[in-house]
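Below is one structure, written out as structure tokens, with a few remarks after it.
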Amino acid sequence: MSFAFPTAAPGSEWWRSAVIYQIYPRSFADASGDGVGDLRGIESRLDSLAELGIDAIWLSPFMVSPQKDAGYDVADYRDVDPLFGTLADFDELLASAHEREIRLIVDLVPNHSSDQHVWFQAALAAAPGSPERARYIFRDGKGADGELPPNNWESVFGGPAWTRITNADGTPGQWYLHLFDSSQPDFDWTNEEVRAEFRSVLRFWLDRGADGFRVDVAHGMIKAAGLPDYTPPTDAASMGGAEPVPYWGQDGVHEIYRDWHTVLAEYAGDRVLCAEAWLPTNEETALWVRPDEMHQAFNFNYMYAAWSAAGQRESIETSIAAFNGVGAPSTWVLSNHDVVRHATRLALTIDNPQGEGIGPKTPGPRPDAALGLRRARAATSLMLALPGSSYLYQGEELGLPEVIDLPDEARQDPSFFRTNGERYGRDGCRVPIPWEADAPAFGFNDTGASWLPQPAEFADFSRATETGAADSTLELYKRLLAERAARSLGTETLEWLDRGTDVLAFHTGDVEVVTNFGPAPVSVDASRVILSSEPLTDGALPTDTTVWLTA
Ligand code: GLC
């Protein structure tokens, strides 16, 4: 079954300036009432996304999975997990989104499968050296009896990146590589059978009408020949770090995306590939979006840019330069399901960065919630004026903070368990979002069940509470998206203006954008105000505030 998107003019390259909204299916809306969100829940809430004014949805994984890493451990790439619904539900959701002129991008996880995937089960049952084992990365262990892992690599989630299997006769066997959890064995992408399989998976979703893919761990699929030992510097980010890393950013990955580019190009309607590639610099990330490769790559350097005029300007400038250099638009993103929500993160300090999640026992002062929200509103107001495509994460339009007080028993992120609780991990940004203040589970469903407990403060952030409330974050986002669309802002160029060291100011299209990072109020001409992330005080722009002015 296939659905043509109504306004998909060939060559329109809609993705260059699109605002793409990430739905994390388990936490968006739950029609079945079992406490985990589902596809029918999403469909029932599409009107609120149309009202918000987004162009596309990126749907985090909903395929068959034992859910050891919230669906990023796929056991069947061609079917929907019963937890989320059926393929018919997917088709209906896609058709309903398209009716509202909202495109839909599917999350594809090609670096690894679940250990429950038929291929991995077949590999376990087969002998060393067999074609079944060759789809994954099995190796003999080191040491006299193969009792040591084949190399020293560590899992992104903590602990060794290798697990030893037990043979059918009970004797210890080979080891397999998993850059993430032991339930997520890495494929061997040098194997043509793996490549052919994924071309077919791409076609499966493209044939159904999917508008493209967000490609998980797009920088990790090729490992350096010989799998050499590697010890990351202690300050390296778990998914990035200084080059060269034998499992991140290897040149061989590009050939795979060139191949995928040709598959997508066979389909009408400007289908898109977006890379999740954590790389140290924008220049390196830009290699993923050369004209014959992917279309977009997440700009994680921007996400972590310092909250200062200089830090933001540097990040924006280097992003635009690097991506323009290869003819691609820059993307912008402040929150997703892997990082502390920006309404909390922006209140953290350099001494207290807490990048791996925040919990009740995290040392140091709690981030100031009012300050974080204020900065988040200013940051988003700045971001949505920038040339290129912006990604939003469900709930940020409500100003949702990170949930800090999740009890240990409720936590589900494998990184929490694999580090013995040393890292709180990502559950705090994944709590089911509030729709109504006074309903069971805040309107997430009508039974009150919720796979992660929702805090009482979510009542103040519910969509119903914020709808029509003049100062609410939701109404700010609606204004931002409506003005952005009316003024075609994402398609424009940017010209910097000099308003002093604590102020970031630029022209784009018919708008002048000013963000004040400093303590002193900045005077603005009130008659030119289109919108402001906070009210002006005595005709001046207060600290941590962004204003859009008519140019
Ligand atoms: C990506 C996903 C993350 C997942 C990991 C392993 O980084 O965004 O949620 O845990 O890949 O698939």
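First listed ligand is number 1; within each ligand, the first listed atom is number 1.
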Could you tell me whether [X] approaches ligand 1 through its side chain, its backbone, both or neither, with non-hydrogen atoms closer than 4.0 Å?
{"X": "R214", "result": "side chain"}
{"X": "Y24", "result": "neither"}
{"X": "R430", "result": "side chain"}

Point to revise | Pick from H178, H112, E276: the one approaching atom 7 (O) of ligand 1 most closely through a non-hydrogen atom | key: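 The nearest heavy atom belongs to E276.
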
Point to revise | Atoms in ligand 1 with a heavy atom of R426 nearer than 4.0 Å | key: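 So the atoms of ligand 1 that pass are 3 (C), 4 (C), 9 (O), 10 (O).
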
**Study point:** Cationic N near anionic O, under 4.0 Å, R411 to D413
**Key:** no

Point to revise | Donor-acceptor side-chain pairing of W15 and D55 below 3.5 angstrom | key: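 There is no such pair between these side chains.
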
Practice item. Indicate whether any N or O donor in one side chain lies under 3.5 Å from an N or O acceptor in the other, for Y72 and D107. Key: yes

Practice item. Answer yes if the ring centres of W278 and F298 are under 6.0 angstrom apart, and no otherwise. Key: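 Between F298 and W278, which both carry aromatic rings, the centre distance is not below 6.0 Å.
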
Check your understanding: Do the two ring centres, one from F90 and one from W205, sit under 6.0 Å apart?
Key -> yes

Practice item. Ignoring angles and geometry beyond distance, decide whether W278 reaches within less than 3.5 Å of ligand 1 through its nitrogen or oxygen atoms. Key: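 For ligand 1, there is no N or O atom that lies under 3.5 Å from one belonging to W278.
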
